[in-house]
Amino acid sequence: SFMGYGDRIASVRSTLCTLKGECMIILNQTQAVNIADMAVIELAKYIRENKLQNIILGISGGLDSAVMAAIGLKAISLLKSWGYSCGYKYVFIDVDSKPVDLVKARALASKIGFYMEEVNLTEWYFACPFRIQNPVTHLDRLRNGNIKCRERMVYLFHLASEERGLVLDTDDLSELLMGFWTINGDVGNVKVIQELTKDEVRDLGEFLGVPKIILESAPGDGLGVTATNIASDQLGMIYLKIDYTMSQLIRYGFDINGSDQQLTNQGFKLLFERIAAEIQEPVEKLVHVAWQSVNTGFKRKYGDNVKILLPSRKAMGLPELGSDQFSKVYLTAIQKEF
């Protein structure tokens with residue numbers, strides 16, 4: 001079977017985890033406990049304050065939805081201790097999905113203990129009149145992928161309207177930096193992990209008991225944009241290196257919502273070369289990552305008008321993106337992993 005770059009990195013991490021006996025690379029145990037507690041309490045408070053009756057979540061088989069599933073169940077348990085009843089609707093929505101996604105989703109349901117509905121909307125997707133039937137270019141596949149994502153969200157919000165439910169958002173900080181989400185497709189009613197990077201979410205998932213088949217899989221979108229569905233095959237690098245690169249660029253004045261003319265600035269050119277040497281990646285890949293960020297700035301400029309439940313990174317005891325401390329933590333993690 002084809003093993004993409006992201007999968008090879010996941011395999012390396014799995015081996016290192018076995019040798020070291022644990023897998024957290026960014027968060028420590030105390031941080032994981034505090035963040036999980038904050039997330040559960042804030043979600044429970046929001047549900048009670050707004051008199052909501054159900055948590056609605058699409059289970060993709062990926063990391064972010066797995067972590068949100070665990071947080072949601074803990075919030076329901078906390079609400080019960082407060083004398084407030086809240087249910088859940090967790091659903092795997094198959095839209096021309098890869099079989100392994102369902103395998104991982106079922107593993108999650110079994111491991112942390114919840115009932116998962118399984119719905120197949122592939123026929124609806126194939127019947128979509130503006131679906132590109134024979135996609136040739138990357139843009140063709142991207143447009144089809146966005147249809148899949150929005151179709152899933154239509155179903156989730158339909159459930160929410162039936163059940164007086166709250167649709168949980170699953171976006172994280174790394175995806176925000178890269179514009180790696182679908183407008184009107186990924187966005188739910190509330191954001192919980194928006195301020196956490198992908199590797200911080202992964203560490204949180206380990207703490208919350210997410211199964212290894214998910215923790216050790218390379219992050220992706222499951223939308224068929226690439227043959228592997230792996231994010232690094234679209235973005236050019238793994239998130240750990242992307243987050244370090246973007247933190248360093250922001251530290252020295254790069255505007256992720258600014259012009260792509262920044263990429264030709266002599267100062268940034270020298271910075272690209274320095275970072276490339278530090279993380280052992282070609283300069284061209286770093287430039288592509290920076291271009292991806294500014295090219296998707298329009299998606300970030302005006303926000304989603306969605307409640308973000310967790311406080312700032314500083315309030316969570318995490319270093320701010322663009323700070324020297326953030327960069328040191330991530331460069332140390334990169335050097336340990338590679």
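Since the structure is predicted, the reported quantities are computational estimates derived from the model, not experimental observations.
For Ser65 (side chain) and Ser60 (main-chain N/O), a donor-acceptor pair under 3.5 Å exists by modelled atom type. A distance-only check finds a donor-acceptor pair linking the side chain of Arg202 to the backbone of Leu215 [under 3.5 Å]. Checked by atom type and distance alone, the side chain of Gln234 never pairs as donor or acceptor with a backbone atom of Ala231 at under 3.5 Å. Not a single donor-acceptor pair under 3.5 Å links the side chain of Glu216 to the backbone N or O of Ile213. Under a 3.5 Å cut-off, the side chain of Arg164 and the backbone N or O of Lys51 do form a donor-acceptor pair. For the pair Thr332 (side chain) and Lys328 (backbone), a donor-acceptor distance under 3.5 Å is present. In this structure a side-chain-to-backbone donor-acceptor pair under 3.5 Å is missing from Gln53 to Cys86. Side-chain N or O atoms of Ser293 include one that pairs as donor or acceptor with a backbone N or O of Leu177 at under 3.5 Å. For Asn54 (side chain) and Glu163 (main-chain N/O), a donor-acceptor pair under 3.5 Å exists by modelled atom type. Checking side-chain atoms of Asp172 against main-chain N and O of Ser174 turns up a donor-acceptor pair under 3.5 Å.
Residues Asp94 and Asn120 share a closest heavy-atom pair of O-OD1, 3.4 Å. When every heavy atom of Gly113 is checked against every heavy atom of Leu73, the shortest pair comes out as O-CD1, 4.1 Å. When all heavy atoms of Leu108 and Ala66 are compared, the pair lying nearest together is CD2-CA, 3.5 Å. What you find for Thr245 and Met237 is that their closest heavy atoms are OG1-CE, 3.8 Å. Heavy-atom minimum distance, Ala109 versus Met116: CB-CB, 4.2 Å. Closest non-hydrogen pair, Ile56 versus Gly165, comes out as CG1-CA, 4.0 Å.
The stretch residues 125-139 participates, sequence neighbours left out, in these side chain to side chain donor-acceptor pair (under 3.5 Å) pairs: Thr137-Asp140. A salt bridge (charged side-chain N to carboxylate O under 4.0 Å, His left out) check over residues 59-69, counting only residues at least two apart or in different chains, returns the pairs Asp64-Lys198. Applying the salt bridge (charged side-chain N to carboxylate O under 4.0 Å, His left out) rule to pairs touching residues 114-130 yields Lys89-Glu117, Arg106-Glu118, sequence neighbours excluded. For residues 250-264, the salt bridge (charged side-chain N to carboxylate O under 4.0 Å, His left out) pairs, not counting sequence neighbours, are Arg251-Asp324. Counting only residues at least two apart or in different chains, ring pair (Phe, Tyr, Trp, His ring centres under 6.0 Å) contacts with residues 147-206 are absent.
With 3.5 Å as the limit, one finds a donor-acceptor pair spanning the side chains of Tyr244 and Glu278. Side-chain polar atoms of Asp96 and Thr122 form no donor-acceptor pair below 3.5 angstrom. Between the side chains of Arg300 and Asn257, at least one donor N or O lies within less than 3.5 Å of an accepting N or O.
Side-chain contact between Met316 and Asn34: absent, with no pair of heavy atoms (C-beta onward) separated by less than 4.5 Å. Between Asp203 and Glu200, every side-chain heavy-atom pair lies at or beyond the 4.5 Å cut-off. Side-chain contact between Leu196 and Ile193 is present, with heavy atoms from C-beta onward closer than 4.5 Å. Put simply, the side chain of Ser232 does not reach to within 4.5 Å of the side chain of Leu235, judged on heavy atoms. Considering only heavy atoms from C-beta on, Thr296 comes within 4.5 Å of Gln292 through its side chain. Put simply, the side chain of Asp186 does not reach to within 4.5 Å of the side chain of Asp169, judged on heavy atoms. Counting heavy atoms from C-beta on, the side chains of Phe207 and Leu27 never come closer than 4.5 Å. Within the 4.5 Å cutoff, no side-chain heavy atoms of Glu195 are placed close to those of Ser312.
Going from atom OG1 of Thr182 over to atom CE of Met153 covers 9.0 Å, rounded to the nearest 0.5 Å. Note that the CG atom of Leu204 and the CD1 atom of Ile26 stand 13.0 Å from one another [nearest 0.5 Å]. Once rounded to the nearest 0.5 Å, the distance linking CG of Leu263 with NE2 of His288 reads 11.5 Å. Between atom CG of residue Leu168 and atom CG of residue Leu43 there is a gap of 6.0 Å, rounded to the nearest 0.5 Å. Note that CG of Asn189 and CD1 of Ile47 are 10.5 Å apart. Values are rounded to the nearest 0.5 Å. To the nearest 0.5 Å, atoms CE (Met38) and CD1 (Ile35) are separated by 7.5 Å.
No continuous path of ILVMFWY side-chain contacts below 4.5 Å connects Val95 to Val187, so the two sit in separate hydrophobic clusters. Under the 4.5 Å side-chain heavy-atom criterion for Ile, Leu, Val, Met, Phe, Trp and Tyr, Leu121 and Ile132 are members of distinct hydrophobic clusters. Hydrophobic clustering (side-chain heavy atoms under 4.5 Å, transitive across Ile, Leu, Val, Met, Phe, Trp, Tyr) keeps Met68 apart from Val167. Criterion: ILVMFWY side-chain heavy atoms under 4.5 Å apart, direct or through other members. Under it, Leu249 and Ile256 are part of a common hydrophobic cluster. Linking Ile, Leu, Val, Met, Phe, Trp and Tyr residues whenever their side-chain heavy atoms come within less than 4.5 Å places Ile55 and Tyr115 in a single cluster.
When the ring-ring contact (aromatic ring centres under 6.0 Å, His included) test is applied to Phe92, no partner is found at least two apart in sequence or on another chain. Looking at residues two or more places apart in sequence or on another chain, you find no salt bridge (Lys or Arg N to Asp or Glu O under 4.0 Å) involving Lys74. Taking the salt bridge (Lys or Arg N to Asp or Glu O under 4.0 Å) definition, one finds that Lys307 meets it with nothing, sequence neighbours left out. With sequence neighbours excluded, the residues that form a ring-ring contact (aromatic ring centres under 6.0 Å, His included) with Phe268 are Phe254. With sequence neighbours excluded, the residues forming a ring-ring contact (aromatic ring centres under 6.0 Å, His included) with Tyr88 are Tyr90, listed by chain and number. By the side chain to side chain donor-acceptor pair (under 3.5 Å) test, Ser327 pairs with Ser247, Gln248, sequence neighbours left out. A search for salt bridge (Lys or Arg N to Asp or Glu O under 4.0 Å) contacts involving Asp171 returns Lys191, not counting sequence neighbours.
Ion pairing between Glu281 and Lys241 holds under the 4.0 Å rule for side-chain N and carboxylate O. Ionic pairing of Lys45 and Glu49 is not present here: no N-O contact between side-chain nitrogen and carboxylate oxygen is shorter than 4.0 angstrom. The pair Glu273-Lys269 does not meet the salt-bridge criterion, since no charged nitrogen lies less than 4.0 angstrom from a carboxylate oxygen.
With Ser97 as the partner, the side-chain contact (heavy atoms from CB on, under 4.5 Å) test is satisfied by one option alone out of Val100, Ile93, Asp101: Asp101. Partner of Tyr330 under the side-chain hydrogen bond (donor to acceptor under 3.5 Å, both in side chains) criterion, out of Asp243, Asp199, Thr197: Thr197 alone.
Remark: Asn184 CG is loosely packed, at most 12 non-hydrogen atoms of other residues, nucleotides or ligands lying under 6.0 Å away.
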